[in-house]
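Below, chain A is the first sequence line, B the second, and so on; all start at residue 1. For clarity, every value in this text was computed on a predicted model and none was experimentally measured.
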Amino acid sequence: MTFRYLPDVALADVAFEAEAGSLGELFESCALALTDIMVDPATLKPAVAREISLESDDADRLLYDFLTELIVAKDVDSLLFREYSVETAPDGRSLRATARGELIDRERHSLRNDVKAVTMHMFGIRHEGGRWMATVVLDI
Amino acid sequence: MAQTSSFKQLSDYSWEIPQSYKPGMNVPAKIYATRKLLEAMDTGVIEQVTNVACLPGIVRQAYAMADAHWGYGFPIGGVAAFDIEDGIISPGGIGFDINCGMRLIRTNLTYSEVKPKIKELVDLIFKLVPAGVGVKGFLRVSEPQFDEIMKYGVKWCAENGQAWEDDPAHVEEGGYIKGADPSKVSRQARTRGIDQLGTLGSGNHYLEVQVVDPARYFDQELARHFGIVQDDQVLVMIHCGSRGFGHQIGSDYLRVFDGAMKRHGIQVKDRELACAPFASKEGKDYYGAMVCAANMAFTNRQIIVQRVREAFSRTFHREAEALDMHLIYDVCHNVAKVERHSYEGKSADVLVHRKGATRSFGPGHPDIPAPYRGIGQPVIIGGSMETGSYLLVGSQKAMEETFGSTAHGSGRTMSRTAARREVHGAELQRRMLDRGIYVKAATMDGLAEEAGMAYKDISEVVETMDRAGISKKVVALRPIGNIKG
């Protein structure tokens with residue numbers, strides 16, 4: 001499970017590429033990248049668990065919806081997560097996930113950027129040489 | 001760097017890219033820039049403005065203003081008008097932060113009065129106007145009240161003790177855009193937005209205490225119309241938008257439009273240009289929801305202004321009314337609106353998309369509030385937090401050339417990561433303090449990312465739009481206190 005930032009893709013925003021051995025792990029990597037953009041994950045505790053179930057038309061849209069769900073949790077429930085466990089269906093059109101984190105605490109958490117949205121720019125999942133990869137650009 | 005050899009130079013400040021530049025262009029593209037700005041523009045702008053020129057129903061020209069830079073689908077600093085019957089609407093032509101915009105309020109205080117209290121003042125505003133990741137506002141509204149806000153924006157504020165009597169008239173469209181349809185807003189968007197009224201957000205959003213720059217006090221007569229009467233007068237500028245509410249509406253409809261294009265047989269050159277006919281169900285639904293976000297953004301900035309008035313009042317021990325804290329104006333720079341324009345010998349309603357572009361209506365336009373109608377609409381252009389900002393007025397030439405539109409700001413030239421590598425937030429904060437700017441930031445990383453060196457020179461952008469006759473410089477404002485989300 002890894003991700004790396006692509007600093008030259010969108011000057012005003014943040015782009016990253018994630019890679020993993022399975023689709024579920026790829027979703028976890030993308031979620032960890034999203035967390036890293038919003039907060040220093042080392043300052044978060046996995047105190048609260050949130051179950052997430054989603055269905056979508058295809059794996060790309062499932063990832064779009066999953067990341068959007070995490071952005072919404074930040075705004076609506078003031079929750080940021082640091083651990084993710086994601087199981088995707090074999091057809092890549094549904095998932096069950098557990099996200100662990102805690103309520104935003106401005107004193108204790110080292111907060112970074114507020115993410116507005118997932119964009120469609122370069123967005124997508126690829127399966128190459130047995131590895132799963134995704135490119136994501138977030139609007140900041 | 002852009003390859004400009006096939007462009008036709010129209011003047012020292014404008015260029016045309018002919019339809020022959022790219023297959024599928026329905027109209028030419030026009031760029032407002034000096035040769036220097038044009039050559040420095042990223043190639044993405046040329047690619048994107050010519051992609052926009054290919055969209056169905058575009059009329060006259062696709063425009064890139066002097067501050068244009070790469071965006072999602074449309075360039076930021078982009079303007080495009082579409083026929084309301086045959087044309088499209090595109091979330092990519094508006095941006096995720098629907099009705100991100102600028103607000104300027106004046107005071108009758110001078111720099112010498114504010115300087116000794118700037119820290120106290122900025123610290124209090126920072127407390128009263130929540131900023132940063134996932135913040136919630138202090139104003140609590142019920143679901144039915146939130147529906148009213150979506151429909152009536154600052155008019156709702158005026159009827160509910162959240163605005164002064166003359167505030168709505170000093171907001172673009174009189175404080176709310178007509179045509180809001182709350183039934184087209186998703187549950188997720190509602191829950192994201194309902195607690196965020198009166199919050200600044202993060203990224204490039206800011207709240208700034210500014211002072212008139214005597215060296216760049218271009219037109220004192222025009223400035224007088226806005227209540228700017230002395231060369232060390234203090235003003236407050238706010239840059240923010242519709243927060244998570246608008247972002248969610250943008251996300252929801254980007255997904256809807258991604259699927260709708262197939263049904264409508266539309267092909268675009270970039271997935272972020274997803275669009276639907278304005279007259280289609282998807283087009284109408286998005287417009288109804290987008291207007292809700294635009295009205296929420298007007299309200300958000302209004303609630304912030306109320307808190308700023310409170311902070312000044314508490315700091316200077318005078319009522320905000322006695323401090324003459326009237327709203328000069330509020331402009332959108334991410335929006336699409338139906339407006340009546342004259343072009344190609346006719347007068348017609350068109351859907352004008354402005355993404356990182358400001359309305360710049362000229363003198364006499366009926367949509368300009370009465371006190372300013374004779375001089376043109378105030379145009380507020382924000383610079384980086386180190387370089388200052390500008391107040392301009394719209395012009396008749398903008399009505400004739402750009403569907404009454406001009407630039408909006410400076411635009412980044414450096415990535416966030418690169419800016420963080422160049423400077424530490426704490427060091428930047430010290431450096432700014434040495435130059436007389438007290439900054440309070442939600443995060444030090446976020447502060448470093450917004451350093452002045454990461455942005456284009458705003459003065460050249462403003463100068464270009466002024467010399468092109470699209471908007472006229474009134475006064476430059478330099479920061480003395482800044483709150484960074």
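Shown here for A:Ser78 and B:Gly134, the closest heavy-atom pair between the two residues is OG-O, 4.2 Å. In this structure, A:Arg106 and B:Ala131 approach most closely via the heavy-atom pair NH1-O, 4.2 Å. Of all heavy-atom pairs spanning A:Asp13 and B:Tyr72, the tightest one is OD2-OH, 2.7 Å.
Judged purely by atom type and a 3.5 angstrom limit, B:Arg412 uses its side chain to pair as donor or acceptor with the backbone of A:Leu11. In this structure, the side chain of B:Thr191 does not engage the main chain of A:Val76 through any donor-acceptor pair within 3.5 Å.
The neighbour count for A:Arg61 CZ, taken as heavy atoms of other residues, nucleotides or ligands under 6.0 Å away, is above 12. Taking a 6.0 Å sphere around CD of A:Glu128, one finds it holds more than 12 heavy atoms contributed by other residues, nucleotides or ligands. By the 6.0 Å contact criterion, CZ on A:Arg126 is enclosed, its count of non-hydrogen atoms from other residues, nucleotides or ligands being greater than 12.
Note on A:Asp75 versus B:Arg243: no salt bridge recorded, every NZ/NE/NH1/NH2 to OD/OE distance being 4.0 Å or above.
A side-chain donor-acceptor contact under 3.5 Å links A:Asn113 and B:Glu449.
Residue contact with chain B, scored on non-hydrogen atoms closer than 4.5 Å, involves the side chain of A:Asp65 exclusively. Neither the backbone nor the side chain of A:Tyr5 comes within less than 4.5 Å of any heavy atom of chain B. Of the two parts of B:His205, only the side chain, counted from C-beta on, holds a non-hydrogen atom closer than 4.5 Å to a non-hydrogen atom of chain A. Both the backbone and the side chain of A:Leu111 come within contact range of chain B, each with at least one heavy atom under 4.5 Å from a heavy atom of that chain. Only the side chain of A:Asp60 comes within less than 4.5 Å of a heavy atom of chain B; its backbone N, CA, C and O stay farther away. There is no contact between A:Val39 and chain B, counting heavy-atom distances below 4.5 Å. In this structure, chain B has heavy atoms under 4.5 Å from both the backbone and the side chain of A:Val72.
Here the CG atom belonging to A:Asp139 is positioned 6.0 Å from the CZ atom belonging to B:Phe96, to the nearest 0.5 angstrom. Taking CD1 of A:Ile71 as the reference point, atom CZ of B:Arg192 lies at 6.0 Å (rounded to 0.5 Å). Note: B:Arg420 CZ to A:Arg112 CZ = 7.5 Å, rounded to the nearest 0.5 Å. Rounded to the nearest 0.5 Å, atoms CG (B:Asp270) and CE (A:Met120) are 11.5 Å apart. The distance from atom OG1 of B:Thr443 to atom CG of A:Asp40, rounded to the nearest 0.5 Å, is 12.0 Å. With rounding to the nearest 0.5 Å, the separation of CZ in B:Arg271 from OG1 in A:Thr119 is 10.0 Å.
The candidate with the highest count of non-hydrogen atom pairs below 4.5 Å against chain A, out of B:Thr417, B:Asp258, B:Thr413, is B:Asp258. Chain A forms more heavy-atom pairs under 4.5 Å with one residue of B:Ser251, B:Gly92, B:Gly73, B:Gly411 than with any other, namely B:Ser251.
For the pair A:Ser56/B:Arg255, a side-chain contact is recorded, criterion being any heavy-atom separation below 4.5 Å from C-beta on.
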